[in-house]
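For reference, the structure discussed in these notes is given below.
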Amino acid sequence: MLDRKQNYFEKLFLQYKATQNEEFAYKQILEVYLYRKPAKNSLLNGNRDDIFWHSSFIYKFPTHLFESEDFILALARYFAQETTTNPKFISIVLAKLPTAIITAIRRSEIVLKKKHAKWHEINQLSNKYPNFLEGLIETCHKFQLAHEDRKGLIEKYRNSFKDITLFEFLSFSAVYFFKYQIEQAISFDGGVISVNSKLRALTELIHWKLRHSPDSDFHLNDNKIGKSLKKYHAPLVFPSNENSAVADSLLNTFSQLMQVQVELDEFLSQSVHPFCFDDSLHFSVESERLTFDCIDKGIINNWDRNGNRQQLLKGYWFNLAMEEFIASGIAHVQMGSVENHDRNQIAYVKAIATKLELQKLYGFEEFVKLENGFNVNLFQALLSLELMVAFYLKENIEAFYYEHAQIGDWQQAVGMVAIKGLSTGQNRFPITWSLWKEKVNNIVGWTVSRDFPKGSIKAAEAILEFWCLDMKKLKNELCQLQFEKIQPLYEKPVFKIGSHCVQLPWLMSTQYSSLNAVNNLRRFANQRSSLKDETTRIENQLGDAFEGRGFNVIRNYTANTPNGIEAGEIDLICVLDNIVFIIEVKSTYYRTTKSEIFHYRDRTLRKAGIQVRKKVEAFKDDLSLNKELSQILGLTRESPKFIGLIADTSLEFDHDFFAGFMKVSIEELLIALADNAHFLCNQDKEIKSSIASGKQVDFSSEPFSLYPFGFNGKEFLRVLEDSLVWENAD
């Protein structure tokens with residue numbers, strides 16, 4: 001039973017109401033509930049949800065605010081938790097605006113949780129108010145049945161692999177991916193299964209296998225590897241009528257398992273997650289089938305736009321790296337053998353490109369200290385990965401395509417690559433392995449520097465640790481249900497199984513070093529002592545870029561007013577031509593699923609918009625009281641123009657507005673300030689165009705300026721607001 005003295009939220013509500021008006025108070029109290037962590041001991045008589053949803057003020061909530069994003073998110077939080085109930089108030093909302101309740105239930109993500117306590121309350125509401133929730137309930141029921149069907153299929157096909165070892169399971173995946181380099185893996189709906197879909201599916205399947213792997217699977221030795229190869233791998237690589245029937249059958253089952261896992265993954269990513277988060281889609285059940293209609297194509301177009309812009313930025317950093325590569329003089333130095341020189345050069349430039357991105361955008365320094373204490377040279381780690389990629393592309397992938405062109409059979413081509421490797425003492429199987437110490441010794445040559453002309457064992461070991469996924473450690477994390485911190489396989493492509501390193505050549509050929517490095521360091525190694533310094537460098541480097549263009553810049557400023565103290569530190573204040581940019585800097589990582597991206601919008605970007613609003617208001621107050629501040633910033637009139645920005649390392653929801661303030665990527669700001677948008681380039685598109693036309697590929701366009709009439713504050717603002725950085729490239 002709640003104490004009926006004024007609770008935490010009621011006291012705050014009355015304070016807000018006294019300072020302005022009732023509507024302001026309702027908006028503020030929603031923000032507090034959603035985005036502010038209560039002060040210690042402020043929730044003495046119940047949990048946060050209980051106190052909020054049993055506050056007396058909610059019954060007078062203005063009806064027009066039921067449509068607001070914050071109110072719907074608050075309702076989503078109500079339906080997501082199971083202990084607090086207030087059906088009386090929810091009934092009021094349902095009667096006045098049923099779409100708010102429907103959207104909130106979708107956002108709560110309980111669609112597949114058929115045993116969730118809130119379904120009882122939802123069914124009762126539906127009985128009380130017929131024709132409002134029946135469609136939603138029926139749709140969710142269909143989702144649950146479809147989900148159960150898919151899980152049942154996966155369980156059916158996984159049973160065949162319960163008794164094989166982890167190494168053997170990986171070896172089947174290795175052969176599968178070579179098979180479908182030539183053939184097209186087809187999904188249940190008849191479409192071609194993409195590489196990204198295969199990667200996601202394999203990650204889920206390896207996680208399942210790890211959870212059921214005995215400790216003996218993590219103690220590899222030559223004898224165990226030899227037996228596994230003889231039993232399953234060799235019959236697939238060197239097929240014969242005598243001994244390949246079992247292996248062929250299991251490979252076929254593995255193909256079906258991949259197909260059903262892809263189906264489940266795509267059901268979640270293309271149906272369930274859009275149902276939860278994408279308001280542009282209307283879902284319903286027609287003739288016992290789930291269907292949806294697109295009400296607004298804006299969100300879908302934005303996904304396509306962001307995917308294209310990500311490719312353009314990849315080309316942008318490559319072009320900057322090429323400039324650095326040429327200026328350094330290394331372009332004229334022989335890299336490795338004559339045969340491998342061109343490949344090594346490209347790997348070197350790609351490593352520079354990722355280094356520039358990580359330094360200029362994410363604040364990394366030359367050396368990065370890992371959580372296990374290893375100090376890794378960032379450029380050497382990136383170069384090592386690019387050289388591994390180049391090696392496996394040449395020796396496995398391209399060699400396979402060459403043999404297939406000669407033979408015309410994928411299985412014989414795999415075998416021929418392996419045979420030619422064996423003839424030279426090299427492992428060219430679809431799966432490769434070596435002792436950890438041997439792998440370290442193999443990459444020592446990649447750590448050669450002025451200080452270590454013969455390379456460094458410690459540096460090589462640090463590099464391997466950087467890219468290594470310890471399978472035994474991952475198993476423990478999975479068994480402890482730490483799903484929030486489980487890393488995808490493809491972000492750490494060197495698998496440590498006991499004292500062995502295991503690699504899948506096809507996996508190496510899919511590497512995106514920038515994404516992998518960022519997520520390794522900022523998502524999964526986010527307890528590093530240097531993280532705070534990196535975040536500070538991100539802010540300072542962005543400030544430096546503004547200063548380089550003539551802006552007056554103040555960093556880490558807190559306004560000396562009561563509002564200023566509440567608003568907190570302003571990351572950057574940048575002023576030019578009486579335009580004041582107040583910037584909240586957000587540093588994050590790459591999100592790889594739509595659900596993660598939508599969570600980021602609702603939990604981080606909306607909060608960031610509120611922070612910017614408070615900081616703009618606080619700085620305006622401070623500026624009116626502190627005349628010296630105007631002089632420091634070079635303001636020449638009483639009423640400057642104030643522009644609040646959320647500057648983020650991610651591209652998601654760029655140029656969307658949160659609490660009235662625009663979100664823009666830091667990369668776009670850097671390009672706008674440097675005025676080098678001509679470096680933006682979709683390399684894959686340019687290569688395909690070059691092949692089709694027979695013309696030489698060119699990764700950058702003719703130089704042009706975003707400021708044909710000269711750079712100033714007004715023109716810079718126009719470039720941002722009109723998204724002109726992307727105009728010639730989108």
Output a table of donor-acceptor pairs, distance under 3.5 Å, between side-chain atoms of residues 24-33 and any protein atom two or more places apart or on a different chain; print 'none' if there are none.
from: Tyr26; atom 1: OH; to: Phe57; atom 2: O; distance (Å): 2.6
from: Tyr26; atom 1: OH; to: Lys60; atom 2: O; distance (Å): 3.3
from: Glu31; atom 1: OE1; to: Arg613; atom 2: NH2; distance (Å): 2.8
from: Glu31; atom 1: OE2; to: Arg613; atom 2: NH1; distance (Å): 2.9
from: Glu31; atom 1: OE2; to: Arg613; atom 2: NH2; distance (Å): 3.3
from: Tyr33; atom 1: OH; to: Asp49; atom 2: OD1; distance (Å): 2.6
from: Tyr33; atom 1: OH; to: Trp53; atom 2: NE1; distance (Å): 3.0

Hey, does the side chain of [X] reach the backbone of [Y] with a donor-acceptor pair shorter than 3.5 angstrom?
X: Glu204; Y: Arg200; result: no
X: Lys209; Y: Ile164; result: yes
X: Ser197; Y: Ile193; result: no

Check your understanding: With a cut-off of 6.0 Å (strictly less than), are more than 12 heavy atoms of other residues, nucleotides or ligands near CD of Gln184?
Key ->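 Not more than 12 within 6.0 Å, no.
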
Give a yes-or-no answer on whether the side chains of [X] and [Y] include a donor-acceptor pair shorter than 3.5 Å.
X: Gln480; Y: Asn476; answer: no
X: Ser187; Y: Asp189; answer: yes
X: Ser650; Y: Arg591; answer: no
X: Glu109; Y: His273; answer: no
X: Asn520; Y: Glu491; answer: no
X: Asp50; Y: Thr83; answer: no
X: Ser514; Y: Tyr590; answer: yes

Practice item. Hey, can you tell me if Trp208 and His212 have their rings parallel, tilted or perpendicular (30° and 60° cut-offs)? Key: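 If you compare the ring of Trp208 with that of His212, the planes turn out tilted.
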
Check your understanding: So Phe283 and Phe275, would you call those rings parallel, tilted or perpendicular, with 30° and 60° as cut-offs?
Key ->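 Rings of Phe283 and Phe275: perpendicular, as their planes differ by over 60°.
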
Practice item. Answer yes if the ring centres of Phe89 and His54 are under 6.0 angstrom apart, and no otherwise. Key: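 Ring centroids of Phe89 and His54 are no less than 6.0 Å from each other.
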
Review point. Are the ring centres of Tyr8 and Phe52 closer than 6.0 Å?
Key: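 Centroid distance Tyr8-Phe52: not below 6.0 Å, so no.
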
Does [X] count as lying over the ring of [Y], i.e. NZ or CZ under 6.0 Å from the six-ring centre, within 45 degrees of the axis?
X: Lys615; Y: Phe661; result: no
X: Lys198; Y: Tyr490; result: no
X: Arg150; Y: Phe267; result: yes

Practice item. For Phe254, enumerate each residue passing the ring pair (Phe, Tyr, Trp, His ring centres under 6.0 Å) test, keeping only those at least two apart in sequence or located in another chain. Key: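 Per chain and number, Phe254 pairs via ring pair (Phe, Tyr, Trp, His ring centres under 6.0 Å) with Phe161, Phe169, Tyr176.
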
**Study point:** ring pair (Phe, Tyr, Trp, His ring centres under 6.0 Å) partners of Phe178, counting only residues at least two apart
**Key:**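 Testing Phe178 for ring pair (Phe, Tyr, Trp, His ring centres under 6.0 Å), a comparison that skips the adjacent residues, returns Phe400.
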
